[in-house]
Number of protein chains: 2
Amino acid sequence: MNEAVFLEAPAGLARLRRSCSLCSLQQLCLPSGLDAESLAHLERTLRRPRRVRRGEHLYFVGTAQEALFVASSGALKTVSISEGGEAHVVGFHLPGELVGLDGLAGGVHRCEAVALVDSEVCEVQLDRLNAVAREVPGLQAQLLRVIGRSLERDHLHAGLLVRRQAHERLALFLQGLSERYALVGASASELRLPMSRDDIARYLGLALETVSRGLTRMQEDGVIDVRGRRVCIRDPAALALLAHDGEACEGLSGRQSA
Amino acid sequence: MNEAVFLEAPAGLARLRRSCSLCSLQQLCLPSGLDAESLAHLERTLRRPRRVRRGEHLYFVGTAQEALFVASSGALKTVSISEGGEAHVVGFHLPGELVGLDGLAGGVHRCEAVALVDSEVCEVQLDRLNAVAREVPGLQAQLLRVIGRSLERDHLHAGLLVRRQAHERLALFLQGLSERYALVGASASELRLPMSRDDIARYLGLALETVSRGLTRMQEDGVIDVRGRRVCIRDPAALALLAHDGEACEGLSGRQSA
DNA sequence: CGCTCATTTGAGGGGGGTCAAGTAGAGTGG
DNA sequence: CCACTCTACTTGACCCCCCTCAAATGAGCG
């Protein structure tokens, strides 16, 4: 197996990300669709790159919300802590995706954001955003679009949690992750998961052990290869079948006929 | 029991809602925090009241998104249809709450919105919103706040679905509903549910029967009174206990000592 | 009054949670 | 480079909650 394929971020991104106009995430990101002049303006006034090391917090619960963040490399998670102290993973955030929308309502963060691996984000000052949005036509609309994508992911997540069997949730999770990695130019079939089994469990509403068993089972069925946090999707069609109607376990990949 | 307390909408709202400046939802709604002049401008250019009868659709899946809606009376649900044809209730929308954010990403609705009872909504034209937002200072920020609230509800919803027992989900659901009704001036203790058991089940990720059993059980425990869609919260503290750590079933309201 | 649909109630089985123990990796210091 | 440790992950056994199927009861309405 080729180890080089498991990547943390698209190759070459490190150099490009210093400027919005060069950034490979541009079409996903806030600046999308803006002309060169607006882009330059935006970059001067808004953007502020920032590094977050693995395990480091981008913000905490209760912190005043001063900015929105766009992940540019690596991966983050947002976690909400329930009254009982249980952590629930609200979302995972890959390059190009917005972080920090929680707290948009009250100006105070309801979640905490943690880097799963060494990551980089673009910080967008909120107070300036409103000012700039009035000057730069299209930015407001683009902001709504990016927020909309975030909302869409939340709804997909909710859909994951409702009345789905464990293996359906897992399959949908892997499928979604694969699609999102493909969006940023990474391999859709060979993933290096930035999150632990525990994170996945808290995201999917399952027990840690169930996640582990589920992955093992999918490997036995020939759908994926698992080795720690390295996952290789062997049979995307079978994965899709698992995701959409969990009953497709038998006779999938010739486990019985072999 | 006083039937008059079960209300579809705050008393007097019907007359007030014809104007944003008079609407009792103002502080929840988009126009909040705007001065009189901006408000008038907003009202002339944006707002368009609309009635939706019980069971009628506000929009369908796949429809182009042309507007955002703010519920002003009644109640609606948004439903997403999974690949298998199963309906999942994404959210319930009470007066003052935003409807139609799905599809903000792609411009096409991913859910359908249905009125649970005869309702009224304010239609906010999207194409005009962007223009007006540039003229009216504060509108952009307020829009983000309202969207933020919607996001917050989504996250609460997701929190409901993750690793919670059936009675915890039910308790949290009732509690949340009670709080939201109180926000619009309705009774927090005597609710007339606008949605069916099936809707609740599809919202909470449970079987219809489990919802029914759960409500019955909470009634036996003296926490609530249920009669069809009329729910009276007898013991809010006990409800909160049930919601926060499901283990508080025994010895709650003296069922054993009585 | 009789229809239909919503809701309740019952019985039974399975999926996944919990508890518990074992194994493999990753990082650290000798 | 290797041994050690700690954490992450896997695997097993058992049991309970909730889903499923099925039937009865109740509510709303023409």
Side-chain angles (χ1 to χ4, degrees), chain A residues 3 6 8 53-55 77 84 86-89 116-118 160-171 173 192-220 224-231 242 245-247 249-250, chain B residues 3 6 54-55 77 84 86-89 116-118 160-171 173 192-220 224-231 242 245-247 249-250:
Chain A
E3 294 289 320
F6 299 119
E8 305 281 15
R53 302 214 160 272
R54 174 199 162 110
K77 65 175 173 182
E86 300 254 306
H88 161 216
V89 174
L116 293 167
V117 296
D118 292 354
L160 253 175
L161 299 172
V162 175
R163 305 264 267 142
R164 295 206 125 96
Q165 313 248 69
H167 59 270
E168 286 181 81
R169 298 189 201 190
L170 260 174
F173 169 70
R192 167 159 200 119
L193 306 181
M195 71 290 282
S196 69
R197 300 285 190 271
D198 191 52
D199 287 330
I200 301 176
R202 289 174 195 281
Y203 179 71
L204 295 181
L206 297 171
L208 183 159
E209 296 91 327
T210 308
V211 171
S212 182
R213 271 186 258 268
L215 290 175
T216 303
R217 177 70 199 279
M218 289 172 80
Q219 174 162 258
E220 287 169 359
I224 58 173
D225 270 357
V226 191
R227 230 188 119 84
R229 297 199 178 179
R230 290 189 247 282
V231 172
L242 275 175
D245 79 2
E247 297 308 329
C249 307
E250 328 298 333
Chain B
E3 293 290 320
F6 298 120
R54 173 198 163 111
K77 66 175 173 182
E86 301 253 307
H88 161 218
V89 174
L116 293 167
V117 296
D118 292 355
L160 253 176
L161 298 173
V162 175
R163 302 265 267 143
R164 294 206 125 97
Q165 312 247 70
H167 59 271
E168 286 181 82
R169 297 189 201 189
L170 261 174
F173 170 69
R192 165 155 203 124
L193 306 181
M195 71 290 281
S196 70
R197 299 285 189 272
D198 191 52
D199 287 330
I200 300 177
R202 289 175 195 280
Y203 179 72
L204 295 180
L206 298 171
L208 182 159
E209 297 91 326
T210 307
V211 171
S212 182
R213 273 185 257 267
L215 291 175
T216 304
R217 177 69 198 279
M218 290 172 79
Q219 174 162 258
E220 286 169 1
I224 57 173
D225 271 357
V226 191
R227 232 188 115 85
R229 296 198 180 180
R230 290 189 247 282
V231 172
L242 275 176
D245 79 1
E247 297 307 329
C249 307
E250 326 301 332

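No hydrogens, no waters, no symmetry mates; every other heavy atom, side chains included, goes into these values.
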Whole angstrom value for the distance that separates [atom2] of [N] from [atom1] of [X]:
X      : N      : atom1 : atom2 : answer
A/L208 : D/dT10 : CG    : C1'   : 10 Å
B/D199 : C/dA6  : CG    : P     : 10 Å
A/L193 : D/dT10 : CG    : P     : 10 Å
A/R54  : D/dT7  : CZ    : P     : 13 Å
B/L170 : C/dT7  : CG    : C1'   : 14 Å
A/R229 : D/dT7  : CZ    : P     : 14 Å
B/E168 : D/dC17 : CD    : C1'   : 12 Å
A/M195 : D/dA8  : CE    : P     : 15 Å

Give me the atom names and distance for the closest heavy-atom approach of [X] to [Y].
X      : Y      : result
A/R163 : B/L206 : NE-O, 3.4 Å
A/R229 : A/P194 : NH1-O, 3.4 Å
A/R164 : A/R169 : O-NE, 2.9 Å

Sequence neighbours excluded, which residues qualify as salt bridge (charged side-chain N to carboxylate O under 4.0 Å, His left out) partners of A/R202? A/D198
By salt bridge (charged side-chain N to carboxylate O under 4.0 Å, His left out), which residues pair with A/R53, not counting sequence neighbours? A/D118
Sugar-phosphate, base or nothing in reach of B/G205, heavy atoms under 4.0 Å: sugar-phosphate
Whether each nucleotide of nucleotides 11-16 of chain C has a protein heavy atom under 4.0 Å at its base (B), only at its sugar-phosphate (S) or at neither (-) is summarised, 5' to 3', as B---SS
Base contacts versus sugar-phosphate-only contacts with protein, heavy atoms under 4.0 Å: please encode nucleotides 22-30 of chain D as B, S and - from 5' to 3'. B----S---
Value for CG (B/L193) from CD1 (B/I200), rounded to nearest 0.5 Å, stands at 5.0 Å
Any side-chain heavy atom of B/D225 sitting closer than 4.5 Å to one from B/Q219? yes
Non-hydrogen side-chain atoms of A/L215 and A/L170 separated by less than 4.5 Å: yes
When the rotation axes relating C1' atoms of four end pairs to the next four are compared across the helix from C/dC1-D/dG30 to C/dG30-D/dC1, five pairs an end, they differ to 10° by 40°
Please check if the number of heavy atoms outside A/R54 that lie under 6.0 Å from its CZ is greater than 12. no
Say whether, by atom type as modelled, one donor and one acceptor occur between the side chain of B/R197 and the main chain of B/G228 under 3.5 angstrom. yes
Please determine whether a side-chain nitrogen or oxygen atom of A/T216 lies at a distance below 4.0 Å from atom OP1 or OP2 of D/dT11. yes
Tell me which pairs pass side chain to side chain donor-acceptor pair (under 3.5 Å) where either residue lies in residues 205-215 of chain A, with sequence neighbours left out. none
